[in-house]
Number of protein chains: 2
Amino acid sequence: MVNSEAKTPRERYRAQVRTEIKQRAWEQIATAGASALSLNAIAKQMGMSGPALYRYFGGRDDLITELVRDAYRSLADAFRATSEASGADVTALAHALRAWALRDPQRYFLIYGTPVPGYQAPDDTTAISSEIMATLLDACAALPSDGPATPFEAHLEGHRDWAAGHPAPPAALHRALAFWTRLHGVLSLELAGHFSGMGIDPAQLFAAELDDLAGTSAT
Amino acid sequence: MVNSEAKTPRERYRAQVRTEIKQRAWEQIATAGASALSLNAIAKQMGMSGPALYRYFGGRDDLITELVRDAYRSLADAFRATSEASGADVTALAHALRAWALRDPQRYFLIYGTPVPGYQAPDDTTAISSEIMATLLDACAALPSDGPATPFEAHLEGHRDWAAGHPAPPAALHRALAFWTRLHGVLSLELAGHFSGMGIDPAQLFAAELDDLAGTSAT
DNA sequence: TCCGTGCGGTTATAACTTCTAACGAACGTG
DNA sequence: CACGTTCGTTAGAAGTTATAACCGCACGGA
């Protein structure tokens, strides 16, 4: 059987260089954005010149795709960890999401930011995305659901393939979607700086939205 | 006094070329995103070569800044028009926002998408942004406000500078912010294609969020 | 009407970028 | 020890933004 770690010394070295390249790329993205990522600059920082990086990544797009994959993986891990630590609590998940986003805004935008029109995300990222959604659904299913069924929940009843067989009631599905979209709404505008000139505290707006989501007022 | 339109034939020509450049830029952005905007390609399309465009725009960043300005202006006009036509109705504003966004997703992302870390928006765009917020506040102030004051509304009481003197109660300010962030949350995820593989209808999710905002459940 | 200023467009050039191709050296495995 | 894969190099093509220098024509004042 093939052991994933440290087989040949060449593979060890190759993995090490790959992670260093990605690390430099993350630093560069955090300071100047993903559009300003330069393979030449990374190579120069690492002491080697230009086309050497093409031994490790197919090109700029491949590197960015790998970074997107890592970002998804990091968010999924953070979500899973806080879910296990807090017993599937939605407010804990929300604060974990905000902390993860504030830790590196450009990493958040790499996942949820402006898409490149032609770009198609690799299918494994959608798999990780559904893993994130699964832990979110676990937390939302634990909330009490009251109120009458809305027309949108009737729509969800017939379109719950994205839940991947999760046995959550339609109200919980709706809660999960609202959790996702509302917190993303506040977070993305905050990270983009749209609140900076307004004087309001984004954390309090985030908390207000979270109170509304976790409170008794379903949908 | 200086008439703004059509003074000298030189200025007429200059304005015409400028608008044609911006038009080609919009087409290019709509199909390949703002990061793929190429001055050379625009010049080649217009039959003139390369550096001629620098007579009309200071550079790529200046052109994009101008496009951002136009995008803000377009959204503000659309908002104002529907507000006047519908009598400051929030659902009409919401549908106008969604239609405006779906008409050219990259134009929406040019305003509300991933920001470039170093970039500072010119102050006139923030002026237009506050104009948009004003018409939104007009519509939110027309809604009935019930329920007790939340801690966030208490925070808003002390930080209402962004309302630019608009005489809306804190509940209306909160409504306007929720309107903005929630609809942006659904819209940006929809435009980015994050719902495409899930099978759900973004329009119905948008409608559900709008029902929650315009309904009786304040905050 | 005529003439000069200045505007618009050109080519050339510099400094970048991604990415391919060909070559050499070093490393590790048989 | 020798051979082969892999890594890093330099060279080069095809792009990009942006600046500089130059030329001609059109516009506007006299």
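Letters A, B, ... mirror the listed sequences (proteins, then strands); counts begin at 1.
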* Asked: Between A:G58 and A:A41, who's closer to the 5' end of DNA chain C by nearest nucleotide?
  -> A:A41

* Structure fact -> note: A:R12, atom CZ; C:dT29, atom P; distance rounded to Å ~ 13 Å

* To do: Could you check whether A:L37 gets within reach of a base, just the sugar-phosphate, or nothing at all, counting any heavy atom under 4.0 Å?
  => sugar-phosphate

* Does a nitrogen or oxygen in the side chain of B:Y56 sit under 4.0 Å from OP1 or OP2 of C:dG9? -> yes

* Distance-only polar pair, side chains of B:S74 and B:W100, donor-acceptor under 3.5 Å -> yes

* Structure fact -> Residue pair A:G47/B:P9 against DNA chain D: nearer the 5' end by closest nucleotide is A:G47

* Asked: Nearest-Å distance, CZ (B:R18) to P (C:dC7)?
  -> 15 Å

* Structure fact -> Rounded to whole Å, CE of B:M46 lies from P of C:dG9 at a distance of 8 Å

* Structure fact -> For A:P117 and B:T31, the nearest pair of non-hydrogen atoms, with its separation, is CB-O, 3.5 Å

* Asked: How long is the line joining OH of B:Y13 and C1' of D:dA26, in whole Å?
  -> 11 Å

* Asked: If only side-chain N and O atoms of B:N40 are considered, is one of them under 4.0 Å from the OP1 or OP2 phosphate oxygen of D:dG15?
  -> no

* Structure fact -> Out of C:dA26, D:dC27, D:dG8, minimum distance to the side chain of A:R10 belongs to C:dA26

* Distance-only polar pair, side chains of B:S38 and B:N40, donor-acceptor under 3.5 Å -> no

* d(CZ, A:R60; P, C:dC19) in whole Å -> 8 Å

* **Atom-pair distance (NZ on B:K44; P on C:dT11), nearest Å** => 12 Å

* **B:K7 NZ - D:dC27 P separation (whole Å)** => 16 Å

* Closest nucleotide among D:dA18, D:dC7, D:dT9 to the B:L39 side chain -> D:dA18

* Using a cut-off of less than 4.0 Å, is there contact between a side-chain N or O of B:R14 and OP1 or OP2 of C:dG8? -> yes

* Among the nucleotides C:dC19, C:dA12, D:dT5, which one has an atom lying closest to any side-chain atom of B:P51? -> C:dA12

* D:dT9, D:dT5, D:dG28: which one has an atom nearest the side-chain heavy atoms of A:S49? -> D:dT9

* Asked: So does B:S38 get a side-chain nitrogen or oxygen closer than 4.0 Å to the phosphate oxygens (OP1/OP2) of D:dT16?
  -> yes

* Has A:R80 got more than 12 heavy atoms of other residues, nucleotides or ligands less than 6.0 Å from its CZ? -> no

* To do: Write down the distance between CG (A:D62) and P (C:dT20), rounded to a whole number of angstrom.
  => 10 Å

* To do: May I ask you to verify if any side-chain N or O of B:Y54 is less than 4.0 angstrom from the OP1 or OP2 atom of C:dT10?
  => no

* Asked: Between A:R182 (side chain) and A:L213 (backbone), is there a donor-acceptor pair under 3.5 Å?
  -> no

* **Contact nearer the 5' end of DNA chain D, comparing B:G59 with B:R55** => B:G59

* Asked: Is the number of heavy atoms from other residues, nucleotides or ligands within 6.0 Å of CZ (B:R160) greater than 12?
  -> yes

